[in-house]
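Remember, it's 1-based here, ligands and their atoms both numbered in the order they're listed.
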Amino acid sequence: MRIVFIGPPGAGKGTQCKRLTQMLEIPHLSTGEMLRGTRKESALGRIVSGYIDGGRLAPDYLVMRIVNKRLLESDCQCGCLFDGFPRTLNQAQMLDEQLAIKNNRVDLVLDLRVGQEELVSRLLKRASIENRADDNAETISARLRVFFTQTAPLLDYYKGQGIVRHIDGTRSPDEVFAQIRSCVQATKPKHG
Ligand code: ADP
């Protein structure tokens with residue numbers, strides 16, 4: 001099964017993705033992690049850091065290059081969970097094209113919802129615990145703005161395919177996961 005997990009920064013995607021990949025035994029493809037993993041000392045790494053630290057999206061061509069390479073690996077052949085990707089309409093269309101080459105498609109889109117005020121307070125709390133460079137007040141508001149302007153419209157694209165399920169992200173982690181599990185169980189992966 002191929003699942004796209006959409007949710008604003010701070011909605012709890014990371015926690016839920018971990019649980020979901022364990023349940024389904026599929027790889028977790030987090031483009032944020034992949035991008036952070038490009039070595040800081042390389043020229044590419046320096047370019048990527050500039051985008052991440054400014055709370056801006058990395059360019060589509062760069063993200064697609066990393067994702068497409070990862071999709072060729074053997075563990076991704078039976079499915080995967082996309083976390084933080086696609087983030088633009090262009091990425092979503094390119095992902096569909098890439099999957100179609102092997103007669104595959106996105107089976108389910110999870111839309112994790114949390115209000116803006118709650119998101120900001122969660123992110124500032126996380127900043128004080130994890131010390132993530134992009135969790136400061138300025139970058140947080142940039143990332144939220146990017147999400148609501150560039151990523152949220154993706155939902156319309158996937159709604160057109162009839163595969164979006166909404167998840168109430170304000171509940172406890174267990175309750176959120178219960179909603180996710182029932183959406184996954186109601187989804188039949190399609191091939192071809
Ligand atoms: P969060 O969702 O909490 O912002 P992520 O780890 O998913 O955290 O992303 C961190 C940063 O990495 C983003 O703000 C962006 O700069 C970059 N990034 C991650 N995924 C993508 C993507 N699919 N396209 C463009 N940029 C991305």
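In this structure, the side chain of Arg2 does not engage the main chain of Leu108 through any donor-acceptor pair within 3.5 Å. The backbone N or O of Asp168 lies less than 3.5 Å from a partner atom in the side chain of Gln179, making a donor-acceptor pair. Judged by distance alone, the side chain of Gln16 and the main-chain N or O of Pro173 form a donor-acceptor pair under 3.5 Å. A donor-acceptor contact shorter than 3.5 Å links the side chain of Gln91 to the backbone of Arg87. Checking side-chain atoms of Thr38 against main-chain N and O of Met34 turns up no donor-acceptor pair under 3.5 Å. Formation of a donor-acceptor pair under 3.5 Å by the Thr31 side chain with backbone atoms of Gly84 is found in this model. Under a 3.5 Å cut-off, the side chain of Glu33 and the backbone N or O of Leu29 do not form any donor-acceptor pair.
The nearest non-hydrogen atom to atom 6 (O) of ligand 1, considering only Glu33, Arg36, Met64, comes from Arg36. For atom 23 (N) of ligand 1, the choice among Gln91, Met34, Lys13 with the nearest heavy atom turns out to be Gln91. Here the shortest heavy-atom distance to atom 17 (C) of ligand 1, taken over Val146, Val67, Thr31, Leu35, belongs to Leu35.
Protein heavy atom in closest approach to atom 14 (O) of ligand 1: Arg143 CG, 3.7 Å. Protein heavy atom closest to atom 12 (O) of ligand 1, with residue, atom name and distance, is Ile52 CG1, 3.6 Å. Here the protein heavy atom with the shortest distance to atom 8 (O) of ligand 1 is Arg132 NH2, 3.3 Å. Nearest protein neighbour of atom 16 (O) of ligand 1, counting heavy atoms only, is Arg56 O, 2.5 Å. The nearest protein atom to atom 9 (O) of ligand 1, hydrogens excluded, is given as Arg87 NH2, 3.3 Å; this is a heavy-atom distance.
The pair Asp53-Arg36 fails the salt-bridge criterion, with no side-chain N (NZ, NE, NH1 or NH2) lying under 4.0 Å from an Asp/Glu carboxylate O.
Only the side chain of Val63 comes within 4.0 Å of ligand 1, counting heavy atoms alone; its backbone N, CA, C and O stay farther away. At a heavy-atom cutoff of 4.0 Å, ligand 1 is contacted by no atom of Gln150, backbone or side chain.
For ligand 1, the atoms lying closer than 4.0 Å to a non-hydrogen atom of Gly84 are 20 (N), 21 (C), 22 (C), 23 (N). Near Arg126, meaning under 4.0 Å from one of its heavy atoms, ligand 1 places the atoms 3 (O).
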Criterion salt bridge (charged side-chain N to carboxylate O under 4.0 Å, His left out) on Arg19 and Asp174, from CA distance to verdict: CA-CA 10 Å; Arg19 297 177 71 161; Asp174 282 347; 3.0 Å; yes
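Polar contact with ligand 1: present for Ala58 (N/O pair, distance under 3.5 Å).
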